[in-house]
S.K.: 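Take this structure first; my questions come after.
What you see is a predicted model, and the numbers here were worked out from it, not measured in a lab.
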Amino acid sequence: MEAKRSSTVSDVGAWAMNIISSIGIIMVNKQLMSPTGFDFAFATMLTGLHFSMTALVGLVSNAAGYSASKHIPLGELVCFSVVANVSITGMNLSLMLNSVGFYQISKLSMIPVVCVMEWFLHRKHYSREVKMAVMIVVVGVGVCTVTDVNVNAKGFLCACVAVFSSSLQQISIGSLQKKYAIGSFELLSKTAPLQALSLLVTGPFIDYYLSGKFISNYALSPGGFILIVVSCCLAVFCNVSQYLCIGRFSAVSFQVLGHMKTVCVLILGWLLFDSKMTLKNIIGMVLAVVGMVVYSWAVEVEKQTGTKFIPVLKPKLSQDQKEQTPLIKDVELG
């Protein structure tokens, strides 16, 4: 019971860290990148700086002996970094080329895409209750976030690439951790330098395509510098907690419960940035929260029904066999 309680506290802590750091980084980046703020319109370069800070923290941790470094083939690290960077670039391009409504729909579609990919790659099956909960969450978040929906061919292609690569990235995190018995922070420490290097090299050109501005022409103010540093620090917690959550749960759980961040961002936007809160938003948020509660219950039921006690029939033994054979006990299979 003590171990189970400790595990539950760790799970809650990982989710809390992810939600708080994700919301915090959204608020900081909103001020940093807003035209009315510091107008730092270089999302890809900022992501490269995030991974640079994460790589630096990992390097210091390894040098100080706080974390161990396990071997992962370079080829797998490179493949993972390429998929992760395609995900980041694809999301930025999708946001630029599509309406906000279609961008939100493409993000919501990650849940069923992850489900299909886990079934295809790992032959994972889901109960009817889990599928129902996923649908409730998707509908709820869709109601409170999706507004206008305009689709164009180039934007649709970018959205498809972003959704596929993001889903594959999240599944790969859990697979690599299990395959090499490596912790979330150790895996992040190995992938962050590759992602940082590639994003910092390609970032200026991608951002120029997205914003029409070169980062070399940006006049960095002291306030902008402070916000960049704060954003990078929050990114470390966000990245670590993401790897922790996917390592502890699954990519589907991460997607479903991760939409709690969307609900929190809407509420904070209403409280801090005078965003409109309509009846449609409220209904959608209530549906999303109900879906998350149902999903948590369905997963717990699935775990309990998956663990069964299968008795082993005891054969009739002779007196000599009874004296020579130890007692046969029922075997518990999970």
Side-chain angles (χ1 to χ4, degrees), residues 18 22 25-26 29-30 33 41-51 78-121 134 137-138 141-142 145-176 188 191-192 194-196 198-212 235 238-239 242-243 245-246 250-259 261-262 265:
N18 184 256
S22 297
I25 201 171
I26 288 172
N29 288 352
K30 183 178 177 66
M33 305 179 77
F42 310 101
T44 310
M45 282 296 294
L46 183 61
T47 307
L49 294 174
H50 289 169
F51 281 108
V78 170
C79 289
F80 176 84
S81 299
V82 169
V83 170
N85 289 347
V86 169
S87 167
I88 294 167
T89 306
M91 283 296 181
N92 288 338
L93 288 172
S94 177
L95 183 59
M96 182 190 76
L97 297 172
N98 297 310
S99 65
V100 175
F102 185 76
Y103 175 75
Q104 289 293 342
I105 287 178
S106 66
K107 289 183 68 177
L108 287 174
S109 68
M110 285 180 60
I111 297 180
V113 169
V114 168
C115 290
V116 172
M117 290 181 69
E118 285 200 322
W119 169 79
F120 182 77
L121 296 174
V134 166
V137 173
V138 170
V141 177
T145 59
V146 175
T147 52
D148 61 309
V149 179
N150 296 319
V151 186
N152 60 82
K154 188 185 293 186
F156 179 78
L157 178 61
C158 290
C160 290
V161 171
V163 169
F164 178 81
S165 56
S166 299
S167 303
L168 184 59
Q169 177 204 6
Q170 292 179 9
I171 292 174
S172 298
I173 291 173
S175 298
L176 286 174
L188 181 59
T191 58
L194 292 173
Q195 289 185 252
S198 55
L199 287 173
L200 291 177
V201 170
T202 61
F205 306 101
I206 296 173
D207 288 332
Y208 179 75
Y209 176 76
L210 293 172
S211 65
C238 188
N239 289 330
Q242 177 182 347
Y243 278 56
C245 289
I246 297 178
S250 68
V252 176
S253 297
F254 180 76
Q255 279 294 318
V256 171
L257 299 181
H259 282 298
K261 294 180 285 188
T262 304
V265 168

S.K.: Side chains of Thr47 and Gln195: does their closest heavy-atom pair fall under 4.5 Å?
M.R.: no
S.K.: Search all heavy atoms of Ser198 against all heavy atoms of Thr202 and return the closest pair with its distance.
M.R.: O-OG1, 2.8 Å
S.K.: What are the two closest non-hydrogen atoms of Ser87 and Gln169, and how far apart are they?
M.R.: OG-OE1, 3.9 Å
S.K.: For Ser167 and Val163, indicate whether the former's side chain and the latter's backbone hold a donor-acceptor pair under 3.5 Å.
M.R.: yes
S.K.: With rounding to the nearest 0.5 angstrom, report the OH to OG1 distance, Tyr209 to Thr44.
M.R.: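 Separation between the atoms: 12.5 Å.
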S.K.: Tell me, do Asn29 and Leu46 make a side-chain contact under 4.5 Å, heavy atoms counted?
M.R.: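 Result yes, sub-4.5 Å side-chain heavy-atom pair found.
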S.K.: Which heavy atom in Pro204 sits nearest to a heavy atom in Leu199, and how many Å separate them?
M.R.: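 Nearest heavy atoms, Pro204 then Leu199: CD-O, 4.5 Å.
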S.K.: Would Phe80 and Leu194 count as a side-chain contact (heavy atoms from CB on, under 4.5 Å) if you check the C-alpha gap in whole Å, the side-chain angles of each, and the deciding distance to 0.1 Å?
M.R.: CA-CA 10 Å; Phe80 176 84; Leu194 292 173; over 6 Å; no
S.K.: If you round to the nearest 0.5 Å, how far is CG of Leu188 from OH of Tyr243?
M.R.: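 It is 5.0 Å, given to the nearest 0.5 Å.
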S.K.: I need the minimum non-hydrogen distance between Asn18 and Cys238, along with the two atoms involved.
M.R.: ND2-O, 3.7 Å
S.K.: Rounded to the nearest 0.5 Å, what separates atom CG in Leu168 from atom OG in Ser172?
M.R.: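 It is 4.0 Å, given to the nearest 0.5 Å.
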S.K.: Hey, could you give me the CD/CE distance between Gln170 and Met110, rounded to the nearest 0.5 Å?
M.R.: 4.0 Å
S.K.: Would you confirm whether Asp207, through its side chain, and Met45, through its main-chain N or O, come within 3.5 Å as a donor-acceptor pair?
M.R.: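 At least one qualifying donor-acceptor pair exists.
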S.K.: Under a 3.5 Å distance rule, please check whether Ser165 uses its side chain to pair with a backbone N or O of Ala162 as donor and acceptor.
M.R.: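 Side chain of Ser165 to backbone of Ala162: a pair is present.
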S.K.: Table please: side-chain donor-acceptor pairs of residues 153-161 below 3.5 Å, with sequence neighbours left out.
M.R.:
none

S.K.: Within this structure, what is the CE-CZ distance for the pair Met33 and Phe42, rounded to the nearest 0.5 Å?
M.R.: 9.0 Å
S.K.: Only counting residues at least two apart or in another chain, list the ones meeting ring pair (Phe, Tyr, Trp, His ring centres under 6.0 Å) with Phe51.
M.R.: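 By the ring pair (Phe, Tyr, Trp, His ring centres under 6.0 Å) rule, Phe51 matches no residue at all.
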